[in-house]
Amino acid sequence: KYDLVVIGAGPGGYVGAIRAAQLGMKVACIDENPQLGGTCLRVGCIPSKALLDSSEKLHAAKKEFESHGIGLGGVSLTLDVMMERKRKIVDQLTKGVGFLFKKNKIKRFEGRGRIVAPGKVAVEGKDEAQIEASKILIATGSAPATIPGVELDGDRIGSSTEALSYPRVPEHLIVIGAGVIGLELGSVWSRLGSKVTVVEYLDRILPEMDADVAKQAHRLFKRQGLDIKLKSKVLGARVEGEKCTVELEGAAPLTADRVLVAVGRKPYTEGLGLEDVGIKVNEKGRVIVSESYETSVGGIYAIGDVIGGAMLAHKASDEGVACVEKMTGGLGHMNYDAVPSIVYTEPEVACVGKTEEQLKKAEIPYRKGSFSFKANGRALAMGHADGVVKILAHEETDRILGAHICGPRAGDLIAEVA
């Protein structure tokens, strides 16, 4: 018997579980993976950032060091060493979550959690158990989405999970989807030597971001060698011998060594038992919650990727804290206008608040200002002067409504505006 059982040990679940324990609750956490930390730590944010950083250093050594007066005899890639570095970082962080669970006396169950009734959860798997809890928190995250006609085979046609661990650099990689994941991993393999073709159904990249800044990013990515095909509808993708073929509407098919499907993510609620207990979801399969993150069934809560809003690890973490503080009579609060989003390409693309398109749609009066990094001393000294900062402010009060940056250290700079 527990005060709270958390299903899912990702950034929302483990942070929520730790905060609940700090507030005096007896807590259990269920996760089906031997490693704690969820998609973010195991096969998402962390390993992708490790590869982005490594590939960026390789690119700098090959293309930029000479202009700084640094000569190198020859630069080569040892992919196995790069992948081992990534693995060690992931291992260190997932073990760190396990240490925090022990420190805060959180009982960990390895297996799949299924809600069998309000206040009752069955664990199926290694640590089979029947758990009773006063409150249940769903934090099961999301899984890669796909599109009709494209069957993932877990190898040549795969999701971001496979693209983090290719055994060798593909000669040609096709990325379906020009969102955050597609552009980040496309950038990694491009810098490591792949020819990368990005196929996007819409007429622009980064559809969630401000159009002006996305346009600037598109120009810079194209200059780096990414072949980005917009307004291209994928009809199917299949493996043919040692190659993959991607069928396009109204255009010749594309052939490559590997295909990365990066068309977004969907809530991961399979086998959770939502229907059995009457938990309501919307048309996209996301769990519907109140302001206190409670579902349509009393005592059962949900946070993170399984509910509405941006699918971001730090957003889930803050929701985990806000949710359990509300459970215990506290003042848990989220300001969704202050949640930043970052694309860790080079240059980085970052935003917080509203886009210009959103302000126009909402008929909010605004003013905007833009400034190029080409006139910024620090950017010039770093040798990365491409990009722009765009700030949107309320026309009458000058309150900042949104900020959008494409340029060096954008992910750090956006915190100032947040």
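Please read all numbers here as calculations on a predicted model, not as lab measurements.
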For the [atom1] atom on [X], are there more than 12 heavy atoms of other groups (residues, nucleotides or ligands in this structure) within a distance under 6.0 Å?
{"X": "E208", "atom1": "CD", "answer": "no"}
{"X": "R378", "atom1": "CZ", "answer": "no"}
{"X": "E357", "atom1": "CD", "answer": "yes"}
{"X": "K49", "atom1": "NZ", "answer": "yes"}
{"X": "K326", "atom1": "NZ", "answer": "yes"}
{"X": "E171", "atom1": "CD", "answer": "no"}
{"X": "E128", "atom1": "CD", "answer": "no"}
{"X": "Q358", "atom1": "CD", "answer": "yes"}

**Request:** Take E319 and Y336 through the test side chain to side chain donor-acceptor pair (under 3.5 Å) and record every step on the way to the result.
**Result:** CA-CA 10 Å; E319 284 178 342; Y336 287 99; 2.6 Å; yes
Is there a donor-acceptor contact under 3.5 Å from the side chain of [X] to the main chain of [Y]?
{"X": "T140", "Y": "G8", "answer": "no"}
{"X": "N104", "Y": "I106", "answer": "no"}
{"X": "T146", "Y": "V150", "answer": "yes"}
{"X": "T269", "Y": "L272", "answer": "no"}
{"X": "T295", "Y": "V297", "answer": "yes"}
{"X": "H314", "Y": "P340", "answer": "yes"}
{"X": "H218", "Y": "I228", "answer": "no"}
{"X": "E110", "Y": "N33", "answer": "no"}
{"X": "K86", "Y": "L164", "answer": "yes"}
{"X": "S190", "Y": "G186", "answer": "no"}

Once you round to the nearest 0.5 Å, how far does [atom1] of [X] lie from [atom2] of [Y]?
{"X": "R87", "Y": "S165", "atom1": "CZ", "atom2": "OG", "result": "11.0 Å"}
{"X": "D227", "Y": "K195", "atom1": "CG", "atom2": "NZ", "result": "6.5 Å"}
{"X": "L359", "Y": "Y366", "atom1": "CG", "atom2": "OH", "result": "6.5 Å"}
{"X": "K102", "Y": "K107", "atom1": "NZ", "atom2": "NZ", "result": "11.0 Å"}
{"X": "E200", "Y": "I176", "atom1": "CD", "atom2": "CD1", "result": "10.5 Å"}
{"X": "K95", "Y": "D91", "atom1": "NZ", "atom2": "CG", "result": "4.0 Å"}

**Message:** Suppose the criterion is side-chain hydrogen bond (donor to acceptor under 3.5 Å, both in side chains): which pairs have a residue in residues 407-418, not counting sequence neighbours?
**Reply:** none
**Message:** Quick one, E184 with T345, criterion side chain to side chain donor-acceptor pair (under 3.5 Å). Give me CA distance, side-chain angles, the key distance, then yes/no.
**Reply:** CA-CA 5 Å; E184 284 186 350; T345 46; over 6 Å; no
**Request:** Go through S54 and R85 one step at a time and tell me if the side chain to side chain donor-acceptor pair (under 3.5 Å) criterion holds.
**Result:** CA-CA 9 Å; S54 293; R85 173 182 177 271; 3.0 Å; yes
Between [X] and [Y], which heavy-atom pair has the shortest distance, and what is it?
{"X": "C40", "Y": "A313", "answer": "SG-CB, 3.8 Å"}
{"X": "I7", "Y": "G113", "answer": "CG2-CA, 4.2 Å"}
{"X": "L36", "Y": "A9", "answer": "CD2-CB, 3.6 Å"}
{"X": "V306", "Y": "G141", "answer": "CG1-O, 3.2 Å"}

**Request:** Start with the C-alpha gap between T94 and R42, add the side-chain angles, then the distance that decides, and say whether side chain to side chain contact (heavy atoms under 4.5 Å, CB included) holds.
**Result:** CA-CA 7 Å; T94 56; R42 295 183 303 103; 4.2 Å; yes
**Message:** As a test of understanding, state which of V343, V389, V349, L206 forms a side chain to side chain contact (heavy atoms under 4.5 Å, CB included) with C406.
**Reply:** V349
**Item:** Reference residue V175; test side chain to side chain contact (heavy atoms under 4.5 Å, CB included); the match among L226, V196, V259
**Value:** V196
Between [X] and [Y], does any side-chain N to carboxylate O distance fall below 4.0 Å?
{"X": "R238", "Y": "E151", "value": "no"}
{"X": "D3", "Y": "K135", "value": "no"}
{"X": "R112", "Y": "E124", "value": "no"}

**Prompt:** Step by step, would you call C244 with T255 a side chain to side chain contact (heavy atoms under 4.5 Å, CB included)?
**Reply:** CA-CA 6 Å; C244 305; T255 305; over 6 Å; no
Within-4.5 Å side-chain heavy-atom neighbours: [X] and [Y]:
{"X": "L254", "Y": "K229", "result": "yes"}
{"X": "L230", "Y": "I205", "result": "yes"}
{"X": "I307", "Y": "Y293", "result": "yes"}
{"X": "K231", "Y": "L202", "result": "no"}
{"X": "V121", "Y": "V116", "result": "no"}
{"X": "E356", "Y": "K390", "result": "yes"}
{"X": "E56", "Y": "L52", "result": "no"}
{"X": "I115", "Y": "K120", "result": "no"}

Pair [X], [Y]: side-chain N/O donor-acceptor within cut-off below 3.5 Å:
{"X": "S142", "Y": "D305", "result": "yes"}
{"X": "H384", "Y": "E346", "result": "yes"}
{"X": "H172", "Y": "T197", "result": "yes"}

**Asked** Who pairs with L413 by side-chain contact (heavy atoms from CB on, under 4.5 Å), at least two apart in sequence or on another chain?
**Response** F373, I405
**Request:** Just grab all the salt bridge (Lys or Arg N to Asp or Glu O under 4.0 Å) pairs involving residues 152-163, residues at least two apart or on different chains.
**Result:** D155-R258, R156-E242
**Prompt:** Relative to the ring of F109, is the ring of Y2 parallel (under 30°), tilted (30 to 60°) or perpendicular (over 60°)?
**Reply:** perpendicular
**Request:** Check the pair M82 / L77 against side chain to side chain contact (heavy atoms under 4.5 Å, CB included), numbers first and verdict last.
**Result:** CA-CA 8 Å; M82 188 180 287; L77 166 67; 3.4 Å; yes
**Asked** Where do I364 and H394 land on the side chain to side chain contact (heavy atoms under 4.5 Å, CB included) test, with the steps shown first?
**Response** CA-CA 8 Å; I364 296 170; H394 198 285; 3.9 Å; yes
